[in-house]
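For reference, the structure discussed in these notes is given below.
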Amino acid sequence: MSEPISLYNSMSRAVEPLRPLAPPRVSLYVCGPTIYNYGHIGNFRTYVAVDLLRRTLTHFGYEVDHVMQFTDVDDKTIRGARENGVPLKQFTSQFREAFLEDAKTLNIEIPERTPNATDHIPRMVELIATLVDKGAAYASDDGSVYFRIAAFPKYGCLSHLDLENLVAGARVNQDEYEKEGVGDFVLWKKWTVADGDVGWDSPWGKGRPGWHIECSALSMEYLGEEIDIHGGGTDLRFPHHENEIAQSEAATGHTFVRSWFHVEHLLVDGQKMSKSLGNMYTVRDVLARGYTGRELRYALLSGAHYSKNLNFTWQGMDDAKTAVARIDEWRRLVRNLSPAALDEPPLLQLAADCLNDFNAALRHDLNANKALGVLFNFISTTNAGLHRGQYLPREIKAIDLVWTAVDAVLGLGDVTESSVPAEVQSLAEQRAAARKAKDFAASDTLRKQIEALGWKVKDTPKGQELTAA
RNA sequence: GGCGGGGUAGCCAAGUGGUAAGGCACGGCUCUGCAAAAGCUGUAUGCGUCGGUUCGAUUCCGACCCUCGCCUCCA
């Protein structure tokens with residue numbers, strides 16, 4: 001049984017109740033990365049937000065059918081392959097793998113299907129042919145095919161741009177003289193020398209698909225002509241998604257997407273990421289600075305609502321690290337108190353309230369920050385009770401189950417206790433002996449040695465506790 | 001020029017027509033050999049500025065200031 005949820009639809013510019021075509025199924029298409037390089041944290045901000053969406057949908061009882069393509073042919077991938085002297089496929093596959101690894105680092109659930117664009121060229125050609133037949137596209141003399149914007153009066157409906165201003169815009173490419181209209185965009189690019197051995201045969205000659213057509217083709221191929229949610233970074237709104245709508249609806253004659261989900265960009269130190277500023281960080285860069293994927297995920301989730309700019313700073317990463325440590329500390333406490341092995345969650349009003357508030361926050365356009373606030377309030381309250389020993393084992397179980405439910409959405413994961421190295425263990429034993437002998441000078445020295453090895457010692461009523469720093 | 005997003009404590013960030021969640025940082029206390037962790041507690045009479053509507057506005061309206069983004073292939 002699926003529960004109602006509201007999402008901001010950037011087409012209508014309003015938060016609307018989600019009304020899937022065939023509940024409980026929700027079809028979700030997300031524009032994936034162009035795999036010519038490692039993804040940066042800005043890319044992953046988008047995919048973490050999408051992951052929050054899919055986990056939330058699942059949490060509320062929907063069956064998510066999620067497709068995300070990998071763009072493995074375009075100017076950048078072709079250039080990269082040539083510069084490295086390797087076949088296109090070889091060049092892109094390494095970055096496809098890297099993306100999946102980084103997604104795993106961030107505990108992002110992999111979509112049900114992740115097709116490569118180049119595996120579906122015939123489907124794209126077919127779609128382009130349909131558009132040509134319907135008069136919505138035309139082949140130029142040289143063998144490229146363009147979409148005819150004049151044939152699609154709705155053009156601009158998503159980005160709310162009007163063609164008059166488009167023409168006045170500064171960045172219109174004036175070089176493509178073959179086009180009938182300045183706003184017309186390419187569906188099929190004729191082969192050029194720079195493409196090397198990359199190219200496919202088509203009714204219009206050798207070439208490759210334009211960027212926009214792949215998403216239309218793959219979305220329709222896997223999810224049908226009309227889908228529930230289509231998402232991606234905010235920059236894709238125009239022209240990419242606008243063009244997708246034009247292509248798809250001109251071909252099918254009906255609605256392509258019911259709700260548009262756009263994730264706002266991430267900034268670094270208040271500025272747009274760019275190579276020249278040296279602030280384009282990959283997930284790997286963040287790990288290299290000593291942070292974990294969990295901490296990055298927390299920072300990405302809590303930094304701002306998905307619809308607003310998120311300002312990434314190293315200070316923010318430090319804050320995230322401490323916040324995650326607070327959660328972890330609470331989790332250790334709960335687990336060490338051995339919750340009862342029960343299948344049925346017992347009644348604990350506190351736990352029920354927490355889940356209700358948590359759900360309410362998510363239901364309203366994925367308010368992750370508010371949801372986290374609910375969690376932290378729960379942590380504070382239960383920490384006090386747990387330290388006082390006021391809960392019965394079955395109540396501790398109820399607390400434990402709250403985390404299970406909440407983390408199914410947040411995806412922060414549980415602390416994984418790494419095994420204590422023998423050297424650290426040995427130092428810890430010496431320290432325990434020193435403390436017993438009340439040789440606190442030796443004890444403090446040993447603690448420093450243990451810390452130098454990357455571990456923290458904590459003295460508890462039950463003895464020392466070791467955790468990886 | 002067109003369209004849109006922001007301006008809330010030292011930093012980050014929710015939120016609502018009735019008197020401000022949460023995280024981080026900081027101070028005090030409890031606990032501790034000392035720490036750590038945790039708890040308790042203190043930090044915005046205030047939510048860009050000026051007007052207006054209202055019994056009452058940070059929340060609605062108007063003007064203005066500042067800032068960010070998009071306007072043809074960048075998540």
Side-chain angles (χ1 to χ4, degrees), chain A residues 10 13 30-34 39-50 71 74-76 149 156 159-162 164-173 176 182-186 189 210-212 231-240 242-243 262-267 270-274 298-299 302-305 307-311 313 315-316 318-330 332-333 357 361 367-377 379-381 383-388 435 438-441 443-444 447 451 456-461 465 467:
Chain A
S10 31
R13 293 174 169 175
V30 174
C31 296
T34 301
H40 53 67
I41 53 176
N43 294 312
F44 283 99
R45 195 264 165 126
T46 296
Y47 298 113
V48 164
V50 168
T71 298
D74 81 321
D75 292 347
K76 293 187 289 286
I149 281 185
S159 47
H160 304 279
L161 294 171
D162 68 68
E164 301 304 312
N165 287 316
L166 267 188
V167 174
R171 288 201 223 168
V172 173
N173 188 344
E176 299 178 74
V182 281
D184 291 356
F185 56 92
V186 72
K189 277 184 143 171
W211 175 41
H212 314 294
T234 186
D235 55 304
L236 299 182
R237 255 175 100 150
F238 185 87
H240 185 57
E242 197 70 70
N243 292 351
H262 286 109
V263 182
E264 191 48 67
H265 278 183
L266 172 149
L267 306 172
Q271 291 179 295
K272 196 174 170 177
M273 280 193 297
S274 72
Y298 179 91
S302 70
H305 186 254
S307 64
K308 292 183 182 170
N309 282 123
L310 185 155
N311 189 20
T313 61
Q315 175 63 51
D318 285 341
D319 292 354
K321 192 184 195 70
T322 317
V324 170
R326 176 168 164 79
I327 296 173
D328 289 349
E329 205 57 52
W330 172 71
R332 282 195 190 95
L333 183 58
D357 293 346
N367 194 336
N369 235 315
K370 191 168 192 174
L372 282 168
V374 171
L375 205 217
F376 279 107
N377 281 329
I379 288 176
S380 290
T381 308
N383 258 336
L386 290 164
H387 277 280
R388 262 188 249 117
R435 291 189 72 233
K438 300 215 183 290
D439 183 353
F440 297 120
S443 161
D444 290 345
R447 176 160 57 199
E451 280 170 0
K456 274 186 189 163
V457 201
K458 216 163 50 162
D459 297 316
T460 74
E465 212 171 82
T467 50

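Chain naming here is simple, since letters A, B, ... match the order of the sequence lines and numbering starts at 1 in each. For clarity, every value in this text was computed on a predicted model and none was experimentally measured.
- At whole-Å resolution of the value, NE2 in H212(A) and C1' in rC74(B) are 12 Å apart.
- Taking atom P on both rG23(B) and rG18(B), the two are 24 Å apart, rounded to the nearest angstrom.
- Rounded to the nearest Å, the gap between the P atom of rC70(B) and that of rU16(B) is 28 Å.
- Atom name C1', nucleotides rC55(B) and rG17(B): the rounded distance is 12 Å, in whole Å.
- Residue order along RNA chain B, read from the 5' end via each residue's closest nucleotide, puts A320(A) first among A320(A) and D444(A).
- N377(A) places none of its side-chain heavy atoms less than 4.5 Å from the side chain of D357(A).
- Comparing rG48(B) with rU58(B), their P atoms sit 10 Å apart, to the nearest whole Å.
- At a cut-off of 3.5 angstrom, counting only N and O atoms as typed in the model, there is a donor on one side and an acceptor on the other between the side-chain of S443(A) and the base of rG33(B).
- Taking atom CD of Q271(A) as the reference point, atom C1' of rG6(B) lies 17 Å away to the nearest angstrom.
- With P as the reference atom, rC40(B) and rC65(B) are 47 Å apart, rounded to whole Å.
- Between M273(A) and L266(A), some side-chain heavy-atom pair lies under the 4.5 Å cut-off.
- The ring pair (Phe, Tyr, Trp, His ring centres under 6.0 Å) check on H240(A) picks up W211(A), H212(A), with sequence neighbours excluded.
- As rounded to the nearest Å, rA13(B) and rG22(B) have C1' atoms that lie 8 Å from one another.
- One can place CD1 of I149(A) at 12 Å from P of rU72(B), the figure rounded to the nearest angstrom.
- For E465(A) and T460(A), the side-chain atoms include no donor-acceptor pair closer than 3.5 Å.
- Of the side-chain N and O atoms in R13(A), one or more sit less than 4.0 angstrom from OP1 or OP2 of rG4(B).
- At a threshold of 4.0 angstrom between heavy atoms, the contacts of K458(A) include nucleobase atoms, whether or not backbone atoms are also involved.
- Here rA75(B) is the nucleotide among rG33(B), rU72(B), rA75(B) with the atom lying nearest to any side-chain atom of T46(A).
- When the C1' atom is used for both rC60(B) and rC66(B), the distance is 23 Å, rounded to whole Å.
- Residue-level contact check: L266(A) touches the bases, meaning some heavy atom is under 4.0 Å from a base atom.
- When atom types are taken as modelled, the side chain of N369(A) and the backbone of S302(A) share a donor-acceptor pair closer than 3.5 angstrom.
- Atom NZ of K438(A) is separated from atom P of rC34(B) by 11 Å (rounded to the nearest Å).
- Between T467(A) and R332(A), some side-chain heavy-atom pair lies under the 4.5 Å cut-off.
- The CG-P distance, from D184(A) to rC73(B), rounds to 15 Å in whole Å.
- G316(A) comes within contact range of no nucleotide atom at all, as no heavy-atom separation falls under 4.0 Å.
- Counting heavy atoms from C-beta outward, H305(A) and K370(A) have side chains that stay 4.5 Å or more apart.
- For the pair H262(A) NE2 and rG69(B) P, the interatomic distance rounds to 19 Å; values are reported in whole Å.
- Residue side chain R237(A) does not reach the base of rC70(B) through any donor-acceptor N/O pair under 3.5 Å, judged by distance alone.
- Residue R447(A) places a side-chain atom within donor-acceptor reach of the base of rA35(B), judged by atom type and a 3.5 Å distance cut-off alone.
- In this structure N43(A) satisfies the side-chain contact (heavy atoms from CB on, under 4.5 Å) test together with H40(A), Y47(A), sequence neighbours excluded.
- Nucleotides rA75(B) and rU49(B) place their P atoms 39 Å apart, quoted to the nearest Å.
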### Message
Does the protein touch nucleotides 13-22 of chain B at the base, only the backbone, or not at all? Give it as B, S and - per nucleotide, heavy atoms under 4.0 Å.
### Response
SSS-----BS

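- Across the protein-nucleic acid pair, K456(A) atom NZ and rA38(B) atom P stand 10 Å apart, rounded to whole Å.
- Counting non-hydrogen atoms under 4.0 angstrom, N383(A) reaches the backbone sugars and phosphates but no base.
- Evaluation of atom-type donor-acceptor distances gives no pair under 3.5 Å for the side chain of D75(A) against the base of rC73(B).
- Which of rG33(B), rC74(B), rA25(B) sits closest to the side chain of D235(A) comes down to rC74(B).
- Remark: ring of H265(A) stacked against base of rA75(B); centroid gap under 5.5 Å, plane tilt under 30°.
- The residue K189(A) sits close to a base: some heavy atom pair falls under 4.0 Å.
- Two residues are said to be in side-chain contact when any heavy atoms from C-beta on lie closer than 4.5 Å; N383(A) and E329(A) fail this criterion.
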